[in-house]
Amino acid sequence: QVRLVESGGGLVQGGGSLRLSCAASGISVGFNSMAWYRQAPGKQRELVATLTSSGNTNYADAVKGRFTISRDNAKNKMYLQMNSLKPEDTAVYYCSAGWKYWGQGTQVTVSS
């Protein structure tokens, strides 16, 4: 059974940083494409960053240069380092594995 558990969300001031973690079980983060999505209130879920099994990364234009996706194969975890946070980054952040499994989400709130 695949399980993804996000953590690391919280309230932060604009310009601050947070690191989200996604702990995976039942699936290998190293052998699957992994991704972070987010959903702000009243908006559709959007793709934030992707990390393929070969190590290629891709980012939404809105976060490029500020967010970094990474993984630790030994710990079977994926991360999203978020720097220079803006109020518009406020959303529930979800990790995804293999393009079909989802975590429960973690709330990120950025105050102005």
Practice problem: Under the salt bridge (Lys or Arg N to Asp or Glu O under 4.0 Å) rule, collect the residues that match up with Glu88, sequence neighbours excluded. | Solution: none
Practice problem: Under 4.5 Å between side-chain heavy atoms, chaining through other members, with only Ile, Leu, Val, Met, Phe, Trp and Tyr counted: pull out the rest of the cluster around Val5, sorted by chain and number. | Solution: none
Practice problem: Any disulfide bond (SG atoms under 2.5 Å apart) involving residues 19-52? Give me the pairs, sequence neighbours left out, ordered by first then second residue. | Solution: Cys22-Cys95
Quiz item: Mind checking who shares a hydrophobic cluster with Tyr79, ILVMFWY linked at side-chain heavy-atom distances under 4.5 Å?
Solution: none
Self-check item: Pairs where residues 98-112 contributes a residue and the test salt bridge (Lys or Arg N to Asp or Glu O under 4.0 Å) is met, not counting sequence neighbours
Solution: none
Quiz item: Applying the 4.5 Å side-chain criterion to the ILVMFWY set and letting contacts propagate, would Val48 and Leu4 be lumped into a single cluster?
Solution: no
Practice problem: For Tyr37, check ring pair (Phe, Tyr, Trp, His ring centres under 6.0 Å) against everything at least two apart and list the hits. | Solution: Trp102
Quiz item: Quick one: side chain to side chain donor-acceptor pair (under 3.5 Å) partners of Thr109, sequence neighbours excluded?
Solution: Gln107
Exercise. Please check if the side chain of Ser96 supplies one atom and the backbone of Trp36 the other of a donor-acceptor pair under 3.5 Å.
Key: no
Exercise. Please check if the side chain of Asn76 supplies one atom and the backbone of Val29 the other of a donor-acceptor pair under 3.5 Å.
Key: yes
Quiz item: Can you tell me how far OG of Ser21 sits from CG of Leu80, rounded to the nearest 0.5 angstrom?
Solution: 9.5 Å
Exercise. Please answer whether the main-chain N or O of Gly9 pairs with a side-chain N or O of Thr106 as donor and acceptor at a distance below 3.5 Å.
Key: yes
Exercise. Grab the two heavy atoms, one from Gly16 and one from Val12, that are nearest each other, plus how far apart they are.
Key: CA-CG2, 3.9 Å
Quiz item: Under 3.5 Å, side chain of Arg71 to main-chain N/O of Ser53, donor-acceptor pair present?
Solution: yes
Quiz item: Looking at residues at least two apart in the chain, or sitting in another chain, which of them share a side chain to side chain donor-acceptor pair (under 3.5 Å) with Arg66?
Solution: Asp89
Practice problem: Please list, chain by chain and in numerical order, all residues satisfying side chain to side chain donor-acceptor pair (under 3.5 Å) with Ser54, sequence neighbours excluded. | Solution: Thr52, Asn56
Quiz prompt | Transitive ILVMFWY side-chain link Tyr59 to Val108, under 4.5 Å | solution = yes
Practice problem: Would you mind listing every salt bridge (Lys or Arg N to Asp or Glu O under 4.0 Å) that reaches into residues 43-53, with sequence neighbours excluded? | Solution: Arg38-Glu46
Self-check item: Intermediate values then yes/no, side-chain contact (heavy atoms from CB on, under 4.5 Å), Met78 and Ile69
Solution: CA-CA 7 Å; Met78 176 179 67; Ile69 188 171; 3.9 Å; yes
Quiz prompt | Stepwise side-chain contact (heavy atoms from CB on, under 4.5 Å) check, Leu18 with Tyr93 | solution = CA-CA 12 Å; Leu18 283 174; Tyr93 284 72; over 6 Å; no
Exercise. Taking all heavy atoms of Tyr94 and all of Gln104, pick out the closest pair and write down the distance.
Key: CE2-O, 3.5 Å
Self-check item: Summary of salt bridge (Lys or Arg N to Asp or Glu O under 4.0 Å) pairs that have at least one residue in residues 18-34, sequence neighbours excluded
Solution: none
Quiz prompt | Lys64: partners by salt bridge (Lys or Arg N to Asp or Glu O under 4.0 Å), with sequence neighbours left out | solution = Asp61
Exercise. Report the C-alpha distance between Thr50 and Asn58 in whole Å, list the side-chain angles of each, state the deciding distance to 0.1 Å, and finish with yes or no for side chain to side chain donor-acceptor pair (under 3.5 Å).
Key: CA-CA 5 Å; Thr50 60; Asn58 199 14; 4.8 Å; no
